[in-house]
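Here is the structure we will look at, set down as structure tokens.
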2 protein chains.
Amino acid sequence: MSEVYLKDALVTLKESGVRITPQRHAILEFLISSETHPTADEIYRALEADFPNMSVATVYNNLRVFRNAGLVKELTYGDSSSRFDFVTHDHYHIICNHCGKIVDFHHPGLEEVEHLASHVTGFEVNSHRLEVYGTCPECATGANKAK
Amino acid sequence: MSEVYLKDALVTLKESGVRITPQRHAILEFLISSETHPTADEIYRALEADFPNMSVATVYNNLRVFRNAGLVKELTYGDSSSRFDFVTHDHYHIICNHCGKIVDFHHPGLEEVEHLASHVTGFEVNSHRLEVYGTCPECATGANKAK
DNA sequence: TACTTCTTTATAATCATTATAATTAGTTTA
DNA sequence: TAAACTAATTATAATGATTATAAAGAAGTA
């Protein structure tokens with residue numbers, strides 16, 4: 001399952017003339033297998049056992065390469081650092097206000113909203129971003145403390 | 001019209017025990033009258049004629065005060081600095097990928113999406129965020145250069 | 001008026017991200 | 001396979017937004 005994603009991603013990269021380095025392979029693999037929408041620093045620390053000499057700049061550089069190739073989405077919230085999400089099929093995120101957990105949920109794309117926005121504003125629309133906020137079940141039952 | 005917003009905002013602040021200083025008054029007034037969803041630095045520079053001694057920290061501090069009071073929303077995108085939006089009635093934003101312009105558009109709230117998300121994930125939902133991206137008419141006709 | 005508390009100011013610190021320059025390593029082609 | 005070309009990595013410094021700190025100032029109150 002996730003091996004298919006990885007293989008496809010590598011093909012996509014190769015087709016756009018991007019070299020497959022061990023670091024890129026590892027970052028992609030980590031992103032795909034990760035359920036946690038990691039920050040650049042989390043990726044860096046997760047891989048430092050395998051790549052003791054890897055630079056943080058490499059992580060940032062490659063996340064940008066992946067983003068430009070459409071493989072990865074950057075998620076920015078009010079807090080300090082961006083999170084990165086491997087793009088698979090259309091899904092949205094729901095985020096816990098207390099513990100920050102991000103969970104995927106599936107929902108059909110909001111084309112009608114895009115159409116209305118385009119009609120009202122005269123923009124040519126090409127994408128949108130939607131996130132839902134709330135309290136996750138664990139925080140709701142008091143298992144975690146509030147932030 | 002906008003005076004009503006300002007007056008209401010001042011009442012809200014006073015009720016939550018926040019002192020109305022000249023700086024706070026000016027920042028709020030600027031936010032309400034502004035059509036541009038300014039950054040903290042833009043607010044700072046816009047007011048430095050009237051408040052030559054005001055510190056950037058004051059702008060940040062008060063934006064946080066306003067945010068905590070529910071008067072202001074912080075908008076974070078991939079780029080460097082947050083933008084701040086005075087909260088009026090429900091509206092969403094459409095953002096130009098080329099020149100960064102942010103335009104409001106009205107659309108009924110996406111309660112059904114919130115319900116679905118809540119049902120699927122078990123979260124208690126309390127809000128969401130939606131933005132549409134595209135190219136504004138000016139950029140589409142080539143009046144501006146691409147980023 | 002004096003007191004208490006909140007706010008502002010000025011400045012330094014923090015921290016994520018990006019730029020730079022030198023070195024290293026993929027990839028291509030002979 | 002090896003040389004050559006070019007892109008990628010590394011280490012480090014720089015940038016820039018935001019936050020923390022401490023001292024000075026102002027608002028509200030007794």
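Below, chain A is the first sequence line, B the second, and so on; all start at residue 1. Model, not experiment: these values are computed from the prediction.
Between A:Pro137 and B:Thr121, the shortest heavy-atom distance links the atoms CG-O, 3.8 Å. Closest approach of B:Arg83 to B:Thr36, counting heavy atoms only: NH1-O, 3.7 Å.
Residue B:Thr39 holds its OG1 atom at 9.5 Å from CG of B:Leu63, rounded to the nearest 0.5 Å. We find the CZ-NZ distance between A:Arg67 and A:Lys73 to be 12.5 Å, quoted to the nearest 0.5 Å. Interatomic distance, SG of B:Cys136 versus CG of B:Asn97, reported as 10.0 Å (0.5 Å rounding).
When the P atom of C:dT8 is taken as reference, atom NE2 of B:His25 falls 14 Å away, rounded to whole Å. At whole-Å resolution of the value, CZ in A:Arg83 and C1' in C:dT17 are 16 Å apart. Straight-line distance from the CG atom of B:Asn68 to the P atom of C:dT7: 12 Å, rounded to whole Å.
Of the side-chain N and O atoms in A:Gln23, none sit less than 4.0 angstrom from OP1 or OP2 of C:dA25. Of the side-chain N and O atoms in B:Ser80, none sit less than 4.0 angstrom from OP1 or OP2 of D:dG16. A close approach under 4.0 Å does occur between a side-chain nitrogen or oxygen of B:Arg24 and OP1 or OP2 of C:dT8. Listed pair A:Thr21 / D:dT9 meets the phosphate criterion, a side-chain N or O lying under 4.0 Å from OP1 or OP2. Taking only side-chain nitrogens and oxygens, B:Ser82 never comes nearer than 4.0 Å to OP1 or OP2 of D:dA17.
With B:Val59 as the partner, the side-chain contact (heavy atoms from CB on, under 4.5 Å) test is satisfied by one option alone out of B:Met54, B:Arg45, B:Gln23, B:Glu42: B:Met54.
Each of B:Pro52 and B:Gly17 lies near DNA chain C, and the nucleotide nearest B:Gly17 is the one positioned closer to the 5' end. The nearest heavy atom of DNA chain D to B:Lys14 and to B:Phe84 marks one nucleotide each, and the one closer to the 5' end goes with B:Phe84. Nearest-nucleotide positions on DNA chain D for B:Ala40 and B:Ile20 put B:Ala40 closer to the 5' end.
For B:Asn62, the listed nucleotide lying nearest its side chain is C:dT8; candidates were D:dA17, C:dT9, C:dT8.
No hydrogens or angles were tested; on distance alone, a donor-acceptor pair under 3.5 Å links the side chain of B:Arg19 to the base of C:dT5.
Contacts of A:Ser81 with the nucleic acid, taken as non-hydrogen atoms under 4.0 Å apart, involve only primed sugar atoms and P, OP1 or OP2. Within 4.0 Å (heavy atoms only), A:Asp41 reaches no atom of the nucleic acid at all.
Residues A:Ile43 and A:Ile20 are members of one and the same hydrophobic cluster, defined by side-chain heavy-atom contacts under 4.5 angstrom among Ile, Leu, Val, Met, Phe, Trp and Tyr. At a threshold of 4.5 Å between side-chain heavy atoms, the hydrophobic network of Ile, Leu, Val, Met, Phe, Trp and Tyr places A:Phe86 and A:Val11 in two separate groups.
Contact of the B:Phe123 side chain with the A:Val132 side chain is not registered, since no non-hydrogen atoms from C-beta on lie closer than 4.5 Å.
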Show each protein N/O and nucleotides 18-20 of chain C N/O combination with a separation under 3.5 Å, one pair to a line.
none

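Aromatic ring orientation, B:His93 versus B:His37: perpendicular (interplanar angle above 60°, classes split at 30° and 60°).
One end of the helix from C:dT1-D:dA30 to C:dA30-D:dT1 points its axis 30° away from the other end's axis, with each axis taken from 5 pairs and the angle rounded to 10°.
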